[in-house]
Amino acid sequence: MADETWLKIENPMFAFVSAFVDELARSGLTDVVVCPGSRSTPLAYGFAGNSKIKIWMEYDERSAGFFALGLAKATRRTVALVCTSGTAAANFMPAVVEAKMGRVPLIVITADRPAELRDNGAPQAIDQLKLYGSYAKWYAEMPLPEASNEMLRFARTQAGRAFGVANAAPAGPVHINQPFREPLTPPPIAGQPLLPESQRDPVAWAGRPNGQPYVELKQAPRRLHPAEIGPLSLTLKGIEKGLIIVGPQDDPSLALAVAGLAKKLGYPVLADPLSGLRAGPHDREYFISTYDAFLRDGRFTTGDDFAPEVILRFGAMPTAKPLLLFLKRFPNLPQFLVDGGDGWNEPTQLAQTVYHADPALFCQDLAASLPPKSFKSGWLRGWLECAHATAAALENALSNLPELFEGRVLASMADLLPDGSTLFVGNSMPVRDLDSFFAGSPKNIRLLCNRGANGIDGVVSSALGVAAAGQGPLVLVIGDLSTYHDLNGLLAAKLHQLNATIVILNNDGGGIFSFLPQAGFPHNFEQLFGTPHGLDFEPVMQMYGAKFDRIHDWPGFESALQTALQQDGLKVIEVPTNREHNVTMHRQMWAAVYQALAATGDKAVAR
Ligand SMILES: Cc1ncc(C[n+]2csc(CCOP(=O)(O)OP(=O)(O)O)c2C)c(N)n1
C-alpha cells in the first residue's frame, strides 16, 4: 500500500478528512499553512496525504495567518490555514480581519472538540462557533467525521463550497470548524468499521472521474447593461473636467482598461500606489502618481482652477489624505463609484451612483461607447503639468538631501528594484511615503500593503508569505514598531529558506504620530505616541539567520540594497532615522513642490 493511502482507507475519520482535502485540491487549492497541534491531527495527516497540496508549517498562529494572507495575495489564489482548538484559532483573527477587508481568499479550518467536551471545562476548549463573526464570508460547523456515502459527499460539497465562496467576488476568508473525537491517530476506531467496498458509492469515496471537482461555484461576470452604459456615456461626453481616481485594488487587467477609458474621456487618472497602475509597461501617459504632494498646494486646497465637474472612482478609498480633502471640497458634483466586489468603499458619503460591476469590463464597455479624442484639453494639460513639475521638484529635492530620508528610500525603489520584483510596504509612514514619493516605473514592480484594516501587525509574515510564492525578488520596507510587532514572523524565512530583503526604517518609535495633531501637545507625547523602544535589532536578526546591515548614508543604502538583491536568504538593512527631522524633511519636500508649481505659472492651470 502506498504511503499516502493508509490514512484514507483504514479509518472512517481519515476517509472523511481525505475526501474533504481531496476535494479542496480538485477545486484548485495548492497551498496550506499548517500550525502544530493535537486536535488537528486528522487534518494535518489529511493534507500530508495529498501530494497536490504543499504544506507550509508555521509555529505561531498569528504569524501563520498573515503568512497565508501574503501567499494568497502574491499568487492571487486561495490558501488554506489549519490549526488546533483553543486560542490557536483566536490567533488567526487579525489575519482573518485583514483578509475580509482586503478581499483575500482564505479557507480557515479550525479543529475543535466534540460536543461533549464543549462548555464544560475540558482543556483547550473555547467557543469556536462563528469565532470570526462577520469577518468570515461563510461559516460551517462540520459534523464529526463519518465515512458513509452521504457524509463523504457532504465533505466534498463543503470543500468545494468553501473554495468557491472564498474566491467569489468579493474574495475573502471562510471558516470551517471541524470537531474530532479521540482517537485522533490512524488506527481503526473501535466500533466504526469501514463500509464494505461493494457498498461504496465510487464518486463519494474517490471523487468524480478525471479529477473533476465534485461541485463548483460559478459566478457570472458583473457587466452593466447597455441601457445603463448609454446614458452614462452621454453624460461624460458632455463634461470636459472629469477626474478618474483609482484606489487600492488587485485586478491586473484594470490598468490597461483605465488607460483606454482615460484616453477616450480625456481625463487624468489619479493612481494610488496600490492600484496596480503606477508601475508596469502599460500606457501611463494620463496616470498621475504625485498628487499626494501637489494637492497640498493652495491652488488645490482653496483655488477653483482645478475644480472637477465629475469624478469616476475605482477601487478602495485611496491612501492620500490630501485627495480625500480635495474630494470633500466638491460635495455636489456627480461622483460614480465602481466596485466589482459588491462593496461600499465610500467613506466620504459623496457618491451619487455605486456600480456593482467588474471594473475592467466597465471601463472597456464605457470606452467602446465613446468616440476617440484627438486632442488634450486645457484641463488635462493643466493636471499633467502639475504632475510633471511635482515629479521633477521632488526628484531634485530628494537627491540634494544631506541626511538619510525615509521618503527617499521609497522613491529610490522605482530605480533600484529590478523588473519582476515585489515591494511590500508596512502601514504607517512607509505606505504614505510610497504614495508621495514612488513616482512610477515602466518596470513590472508589484506594490503591496495590508490596507484592508491598516494594521501594523503581521507585516513581516505577510511579506514573507509573498516571498514564499517565489515570484521574483521581494523587498519589504517597514517601520521599527511594525517590525517589533511581528518578530516571530521572521522564523518563516528560516523554515522555508526564503529569499527576502527587509528594509527597516528605524526612527525608534511611531514616526507617524509626529505628523498628527497629537505632536502639538508635547506633554506625554513620547510616552503615549512616540513610544521609543531603544531596541537593537541586530542580535534578533542574527538569531533568525539574517544578514544584517546598518547603514549610515545614502550611497551606503544603495549599495547595501543592491548587494542584498544579489544574495539568497534573509537580508535586513536598517536605516536609522530621526522622527523630528523626518517631519522637517517632509515639509521641505512640500515646499519644493509649492515653489515648482508657482514657477509653472499659467501652464499649470486647468482651463
Ligand atoms: C495592530 C495595530 N496596532 C496599533 C496601530 C496604531 N498605529 C498606527 S501607526 C503606529 C506606529 C507605527 O510605527 P512604525 O511601524 O515604527 O512606523 P512609523 O510610524 O515610524 O512609520 C501605530 C502604533 C495599528 N495601526 N495597528
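Atoms within a ligand are numbered from 1 in the order they appear, just like the ligands themselves.
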**Prompt:** Taking it one step at a time, do Val33 and Val82 satisfy side-chain contact (heavy atoms from CB on, under 4.5 Å)?
**Reply:** CA-CA 6 Å; Val33 177; Val82 172; over 6 Å; no

**Prompt:** Of all the non-hydrogen atoms in the protein, which one sits nearest to atom 23 (C) of ligand 1, and at what distance?
**Reply:** Ile456 CD1, 3.7 Å

**Message:** Tell me whether atom 1 (C) of ligand 1 lies less than 4.0 Å from at least one protein heavy-atom position.
**Reply:** yes

**Prompt:** For ligand 1, which atoms have a heavy atom of Pro430 less than 4.0 angstrom away?
**Reply:** 21 (O)

**Request:** State the atoms of ligand 1, each with its element, that fall below the 4.0 Å cut-off from a heavy-atom position in Ser428.
**Result:** 9 (S), 11 (C), 12 (C), 17 (O), 18 (P), 19 (O), 21 (O)

**Prompt:** How close does the nearest protein non-hydrogen atom get to atom 15 (O) of ligand 1, and which residue and atom is it?
**Reply:** Ser482 OG, 2.5 Å

**Item:** Residues, nucleotides or ligands: over 12 heavy atoms within 6.0 Å of Glu526 CD
**Value:** yes

**Prompt:** Within a reach of under 6.0 Å around CZ of Arg76, are more than 12 heavy atoms found that belong to other residues, nucleotides or ligands?
**Reply:** yes

**Request:** Using a strict cut-off of less than 4.0 Å between a Lys/Arg side-chain nitrogen and an Asp/Glu carboxylate oxygen, indicate whether Arg77 and Asp31 qualify as a salt bridge.
**Result:** yes

**Item:** Gly455, any N or O under 3.5 Å of ligand 1 N or O
**Value:** no

**Message:** Does any N or O of ligand 1 fall below 3.5 Å from an N or O anywhere on Asp480, backbone included?
**Reply:** yes

**Request:** Determine whether the side chains of Thr110 and Asn177 contain a donor N or O and an acceptor N or O closer than 3.5 Å.
**Result:** yes

**Enumerated ligand 1 atoms positioned under 4.0 Å from heavy atoms of Met429** = 21 (O)

**Asked** Which of the listed options, Asp508, Ile504, Asn454, holds the heavy atom that is closest to atom 25 (N) of ligand 1?
**Response** Asn454

**Message:** Could you identify the single nearest non-hydrogen protein atom to atom 7 (N) of ligand 1 and state the distance to 0.1 Å?
**Reply:** Phe513 CZ, 4.0 Å

**Prompt:** Which atoms from ligand 1 have a heavy atom of Asn507 less than 4.0 Å away?
**Reply:** 20 (O)

**Asked** Between Trp590 and Phe437, how do the two ring planes meet: parallel, tilted or perpendicular, split at 30° and 60°?
**Response** parallel

**Prompt:** Do Asn582 and Thr577 meet the criterion of a side-chain donor-acceptor pair at a distance under 3.5 Å?
**Reply:** no

**Prompt:** Would you say Gly509 contacts ligand 1, with heavy atoms under 4.0 Å as the rule?
**Reply:** yes

**Request:** Tell me, please: is Gly426 in heavy-atom contact with ligand 1, that is, under 4.0 Å?
**Result:** no

**Prompt:** Which protein non-hydrogen atom lies closest to atom 20 (O) of ligand 1, naming both residue and atom, and how far is it?
**Reply:** Gly511 N, 2.7 Å

**Request:** Check the side chains of Glu406 and Asn507 for a donor-acceptor pair under 3.5 angstrom, ignoring hydrogens and angles.
**Result:** yes

**Message:** Can you confirm whether Tyr544 is buried at OH, in the sense that more than 12 heavy atoms of other residues, nucleotides or ligands lie under 6.0 Å from that atom?
**Reply:** yes

**Request:** Please write down residue, atom name and distance for the protein heavy atom closest to atom 16 (O) of ligand 1.
**Result:** Leu481 N, 2.9 Å

**Asked** Using a distance-only test with no angle check, is there a side-chain donor-acceptor pair under 3.5 angstrom linking Asp486 and Ser63?
**Response** yes

